[in-house]
Amino acid sequence: MASSLVLTAGVWAQKPPLLAEKHVAALANELSGERAKRNLEGLARFHRQRGSEGFHAAAELVAERLRAYGLSDAAILQFPADGKIFYGTQRSRPAWDAQVGELWETSGPAEQDEKPQVMSGEKKIASYEAEPVALAEDSESADVTADLVDVGEGTRESNYVGKSVRGKIVLVSAQAGAVQDLAVGKFGAVGIVSCAQNQKTAWWGEDENLIRWGHLETFSANKTFAFMVSLKTARVMKERLAKGERISLHALVRAGQHPGSYEVVTATIPGADPKLKNEEVAFSCHLDHQRPGANDNASGCATILEVARAFEKTIREKRLERPARTIRFVFPPEIEGTMALLNGKPEFAKRMKAVIHMDMVGGGPETKAVFHVTRGPMSLPSFVHDVAWSFAEWVNEESYKFAATGQAGYPMVAPEGGQEPLRAEYSAYTMGSDHDVYQDSSFGIPAIYLNDWPDRYIHTNFDSAANIDPTKLKRAAFIGAASGYFLAQINGADYTNLLAAVRTNQFERIGGVMRRASQLGEDESEKLLRQFGKNEERLAITIDSMIPVSLRGDETRPPLPHLDRQLEAILHGQNPNTDGKNIWKRKPEPKGALAVFGYDYFADKTKAAGINTPKLMSYEGLWGGGEEYAYEVLNFADGGRNAQEIRDAVSAEYGPVPLGLVVEYLKAGEKNGVGEEVK
Ligand SMILES: [Zn+2]
């Protein structure tokens, strides 16, 4: 049994896709997972909050490396952030820094007729100096001694019934920002201690020692401070309070918001073609987050930095030809920095033809991560995702062959890293990082998104460099580098191979869409398949944006005739009858997704216009919900589609949704100024 498997695996000598083997070999040999990890360890030393000294130190480190590696135009761009300036839909958040953050347990001031309690002395519970994650972002200065009151989750009024919290510090299990208006604003608490847990995964709440990165609401009128503690610390305090014990805390905080800047590090490898060098393929990541933030996202930063170094060196040594298009690298604070860059310097958005975004690409077995090559939203079909998947699938095969047999042409194993197979997945669009900004219809730049999910240590003090696998970094670097290089040099000679790669992936997608269609009734499944067919057609046409028809020689046949015929056979019936005949379009300004970082433009303007929150925002579909529908409804509102067509498009993506909800959302968008009906 086993030996026949080995034999089968051994016979495959799979050639690398899309690129000449010498180029693939140059990248595979040059990219180093260890070097990427060393840079990651450097970044993980800094507490990298937006606009903070820690972020600036990380930015300086990246800029210094880019210059040392020989890249061109290395610079740290600055975009003022004071809480007033808008970058498209992003209200800039002022910078935030902390110098001191200490939480002590003390014997405290005894109340009038109470016997003073005997304490064994003061005990430090949390320290920003030792572990910066302990002080929530946007905390304000304080020097208070007050009793601790357990209010459970802390997000509902009922949590406070029968409890006197005025002048006290509340212990909550929700994020500090979710309780501050109630606890501090309404009930008069003077501060918050939170044991909120990180993003939900199967391991959520399991490790009592995790301390989660905490946030207060940047724009809340109820300024306060919040300390983050582990479940273990909170559990002991809760038990003591439940027994009627009094806990007095001394909080000493020197921190606060101040006018500052979003800093975006950038550098380029100039293209060789006099005309095409004005077009760019950009590598992106996000440089901010708590210390250590190793996987999220020192990993993405260190990996694109390694790609930059490897390109520069192999081009200099003539192992790679300089590509026609310019390759750019950007290191912003997540979402808000990208919003500042694309809105503040619109020429960047204009030049970018495609983006390779890396956010969490180094998780080793300890993190439980699954690696994803994530496609774009259906509103922006693009061939670039199939390019990335072609390389990822090849790394899957080669690394599996190596793990299973000990032999492979390109195992892509780092000497200090693991030897497990990659097992990357090609995944439908998921939101949550800068790729949302690029792929929003305001900018319409397709973005390959390489990302780990889950990671049981995300956004905690345990997201440390020890869990990062150099082999994983090397493979992510290779998939990104090969995709980026292919896109930067793409020309007419690539057309046939590219079309074949797209077609292979389309056949796999047909299987997926048929499975989804089988979950639906006849009417909805027909609509789904029709949308799918349209999407695939649009996807194939996107090749034209980088290989003009004039460059293809004989290869000017219409894209994917074979697939069209297949779909024709699947599809029958008439055009859908349309209740929602009115055509909608998003206004060109302001640019950006509507719920960005620390600020929700749509919610803010909807409230100001005095209208109810559209029900679509909380609608749960078969394959997605709320925010995802909202994002795509506006993206599909392109001035060509009517409400019914928009409804059918988002239904194909996230599951059937009533037309009425889509229309209600579009109308709310008209009232709050982001969209309009085309008369
Ligand atoms: Zn991230």
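In this structure, the ring of H435 has its center less than 6.0 angstrom from the ring center of Y429. When ring centroids are compared, F55 and Y262 stay outside the 6.0 Å threshold. Taking the six-membered ring for Trp, W213 and H289 have ring centres closer than 6.0 Å. For Y665 and F602, the ring centers sit closer than 6.0 Å to each other.
In this structure D143 satisfies the side-chain hydrogen bond (donor to acceptor under 3.5 Å, both in side chains) test together with H250, sequence neighbours excluded. Every residue meeting the side chain to side chain contact (heavy atoms under 4.5 Å, CB included) condition with T233, not counting sequence neighbours, appears here in chain and number order: I125, V229, S230, M237. Under the side-chain hydrogen bond (donor to acceptor under 3.5 Å, both in side chains) criterion, E102 pairs with W104, not counting sequence neighbours.
For the pair K615 and Y619, the cation does not sit on the ring face, since its NZ or CZ is not both under 6.0 Å from the ring centre and inside 45° of the axis. Note that R375 lies in the cation-pi zone of Y426, set by a 6.0 Å cut-off to the ring centre and a 45° limit from the axis. For the pair R93 and F219, the cation-pi test (distance below 6.0 Å, angle within 45°) is failed.
For the pair D138 and R50, the salt-bridge criterion is met [side-chain N within less than 4.0 Å of a carboxylate O]. Between R254 and E140 there is no salt bridge, since no side-chain nitrogen of the basic residue lies less than 4.0 Å from a carboxylate oxygen of the acidic one. No salt bridge links D181 with K186; every basic N to acidic carboxylate O contact stays at or beyond 4.0 Å.
Side-chain N/O atoms of E153 and N159 include no donor and acceptor closer than 3.5 Å.
Closest approach of A183 and V170 over heavy atoms only: CB-CG2, 3.9 Å.
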Next item on the list: Report the C-alpha separation of K232 and E208 in whole Å, then their side-chain angles, then the decisive distance to 0.1 Å, and conclude whether the salt bridge (charged side-chain N to carboxylate O under 4.0 Å, His left out) test is met.
Entry: CA-CA 5 Å; K232 190 199 260 171; E208 278 216 324; 5.6 Å; no
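Remark: of the listed residues H286, Q199, Q290, H286 is the sole one forming a side-chain hydrogen bond (donor to acceptor under 3.5 Å, both in side chains) with D296. The side-chain hydrogen bond (donor to acceptor under 3.5 Å, both in side chains) test with N451 is passed by exactly one of T430, T374, D359, N295: T374.
Within 6.0 Å of CD in E53 there are 12 or fewer heavy atoms belonging to other residues, nucleotides or ligands.
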